[in-house]
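The model shown is predicted, which means the values in this text are computed figures rather than measured ones. The basis for the numbers below is simple: all heavy atoms, side chains too, and nothing from hydrogens, waters or symmetry mates. Protein chains get the first letters and strands the later ones, always in sequence-line order, with residue 1 at the start of each.
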Protein chains: 2
Amino acid sequence: MNPTRRKILAAAWALLEAEEPGKVRLGDIAKQAGISRQALYLHFANRAELLVETARFIDTEKNIDGRLEASRKASSGRERLRAYCTAWAGYLPEIQGVGRAFMAMQHSDEDARIAWADRMAALRHGCAAAVDALAADGDLRNGLSRKDATDMIWTLMSLPNWLQLTQQCGWTQAGYEDWLVESAERLLLER
Amino acid sequence: MNPTRRKILAAAWALLEAEEPGKVRLGDIAKQAGISRQALYLHFANRAELLVETARFIDTEKNIDGRLEASRKASSGRERLRAYCTAWAGYLPEIQGVGRAFMAMQHSDEDARIAWADRMAALRHGCAAAVDALAADGDLRNGLSRKDATDMIWTLMSLPNWLQLTQQCGWTQAGYEDWLVESAERLLLER
DNA sequence: TGTCAACTTGACACGGTGTCAAGTTGATTC
DNA sequence: GAATCAACTTGACACCGTGTCAAGTTGACA
């Protein structure tokens with residue numbers, strides 16, 4: 001990868017983790033990367049695109065796809081649900097900075113809205129796959145449709161929920177993980 | 001109440017319900033109220049204060065306090081939990097416009113952040129009271145602390161969750177209400 | 001007639017994004 | 001050694017919404 005581009009993405013990543021993500025300006029990122037603000041526009045069309053690429057950058061650096069993909073190998077639906085929940089729970093703290101920056105832009109920038117929605121759609125596909133595996137095992141709660149089950153767990157896993165529990169309620173990351181797995185099972189499985 | 005003030009609040013309310021709340025400008029509200037943009041500042045110091053007062057306005061117009069208070073009268077903890085969940089579920093669609101406007105400001109405006117946090121703190125107090133009632137009845141799930149139970153249900157009830165389920169997943173309001181009550185019970189109660 | 005409060009019109013500063021234009025610099029190529 | 005080219009710099013500026021300031025206008029009431 002282009003070294004300047006890499007410097008910019010690393011700077012964006014670092015700042016979004018360190019500061020209030022909604023308050024990180026493009027000028028701050030440029031300064032952190034050691035270039036001029038205008039040079040950013042030689043590599044990214046606008047703020048939204050920079051955020052998208054930063055998210056992709058983190059994905060590859062942290063091998064996110066591989067981690068999430070691993071849950072596919074689970075033998076049972078229940079096992080798959082657990083694996084997917086823990087993989088996502090481990091992913092969330094990595095991208096929370098970018099995620100919050102996206103959320104801050106949602107209301108003003110259409111591109112940002114779409115980009116974040118895409119990302120959440122990918123998460124939902126994984127949820128749907130886990131639910132399908134549960135249904136195939138006959139483990140899905142009686143009277144619960146696959147769609148509703150998918151919607152529920154997808155909502156449970158959302159970034160705002162993670163933020164509220166870990167940032168506002170003071171839960172540890174481990175506590176959040178346990179809660180997510182257990183809640184998913186309580187809401188989806190027959191007991 | 002001062003008639004101009006009332007006109008402004010009604011205009012803000014109407015616009016926040018009708019449009020994308022993050023995109024409603026003060027000028028739009030003024031025009032809708034039939035006054036100049038500057039006249040807004042004769043009644044409210046800034047955007048955040050206008051939103052706060054709009055929320056209070058809706059509260060009194062819809063008798064929100066009374067509705068939420070009614071859940072206190074429940075005889076059992078379980079009944080109280082149900083009543084609080086349904087009361088809040090009925091409240092959410094009323095203030096979703098203002099709520100979204102607040103959420104859009106969270107990242108840029110400290111006043112807005114605090115105002116919304118206050119509101120959510122009030123919701124949490126209600127959650128804690130319901131959890132206490134459950135605990136008094138011995139109905140709280142084994143091994144679940146009151147704080148964790150409160151955090152869980154408080155998070156479940158959040159506006160982002162309502163938005164995701166009803167706006168993105170296409171759930172009906174009734175579907176959301178049923179889900180909230182049932183999920184609260186599944187997560188908090190034994191068995 | 002005079003006063004006062006509520007409101008209007010119009011101008012402007014501020015901050016962050018994104019654009020435009022005119023350099024500078026260093027490596028490559030003839 | 002001169003020309004070229006891409007990457008970058010500096011500096012200016014337009015746009016948008018918020019919030020401020022100043023100078024009118026209007027209508028009620030004394």
_Quiz question: by atom type and distance under 3.5 Å, do the side chains of A:Gln173 and A:Trp162 form a donor-acceptor pair?_
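Yes, side-chain donor-acceptor contact under 3.5 Å.
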*Would B:Thr150 and B:Trp154 count as having a side-chain donor-acceptor pair, cut-off 3.5 Å?*
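Looking only at side-chain atoms, B:Trp154 and B:Thr150 do not form any donor-acceptor pair under 3.5 Å.
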In this structure, how many angstroms lie between the [atom2] atom of [N] and the [atom1] atom of [X], rounded?
X	N	atom1	atom2	value
A:His107	C:dG16	NE2	P	19 Å
A:Met105	C:dG18	CE	C1'	12 Å
A:Asp111	C:dG18	CG	C1'	13 Å
A:Glu49	C:dG18	CD	C1'	13 Å
B:Asn2	C:dC7	CG	C1'	12 Å
A:Asp28	C:dG15	CG	C1'	12 Å
A:Lys23	C:dT17	NZ	C1'	18 Å
B:Phe44	D:dG19	CZ	P	13 Å

*Check: B:Asp28 side chain, B:Arg25 main-chain N or O, donor-acceptor pair, under 3.5 Å*: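 Yes, B:Asp28 side chain to B:Arg25 backbone: donor-acceptor pair under 3.5 Å.
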*Kindly point out which of D:dC8, C:dT17, C:dC7 is positioned nearest to the side chain of A:Arg47?*
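Nearest nucleotide to the side chain: C:dT17.
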*Minimum-distance nucleotide (side-chain atoms of A:Leu26 versus C:dG18, D:dA7, D:dG19)*: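 The closest nucleotide is C:dG18.
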*Please say which of B:Thr54, B:Ile58, B:Thr4 ends up in a side-chain contact (heavy atoms from CB on, under 4.5 Å) with B:Leu9.*
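It is B:Thr54, the one option of B:Thr54, B:Ile58, B:Thr4 that forms the side-chain contact (heavy atoms from CB on, under 4.5 Å) with B:Leu9.
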*Do any of residues 34-42 of chain A sit with a heavy atom less than 4.0 Å from DNA chain C, and if so which?*
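Within this stretch, A:Arg37, A:Gln38, A:Tyr41 sit under 4.0 Å of the strand.
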*asked:* If you define the side chain from C-beta out and look only at heavy atoms, does anything of A:His43 sit under 4.5 Å from A:Asn2?
replied: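 Heavy-atom side-chain distance check passes, below 4.5 Å.
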*asked:* When you measure from the side-chain N and O atoms of A:His43 to the phosphate of D:dA7, is any distance below 4.0 Å, counting only OP1 and OP2?
replied: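 No, outside the criterion.
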*Output yes when at least one side-chain N/O atom of B:Thr4 is less than 4.0 Å from OP1 or OP2 of C:dC7, else no.*
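Checking C:dC7 against B:Thr4, a side-chain N or O does come within under 4.0 Å of OP1 or OP2.
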*Take the angle between the ring planes of A:Tyr176 and A:Trp179 and call it parallel below 30°, perpendicular above 60°, tilted in between.*
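Correct class here is tilted.
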*With salt bridge (charged side-chain N to carboxylate O under 4.0 Å, His left out) as the test, would you mind laying out the steps for A:Asp59 and A:Arg119 before giving the verdict?*
CA-CA 12 Å; A:Asp59 283 0; A:Arg119 226 172 169 69; 2.4 Å; yes
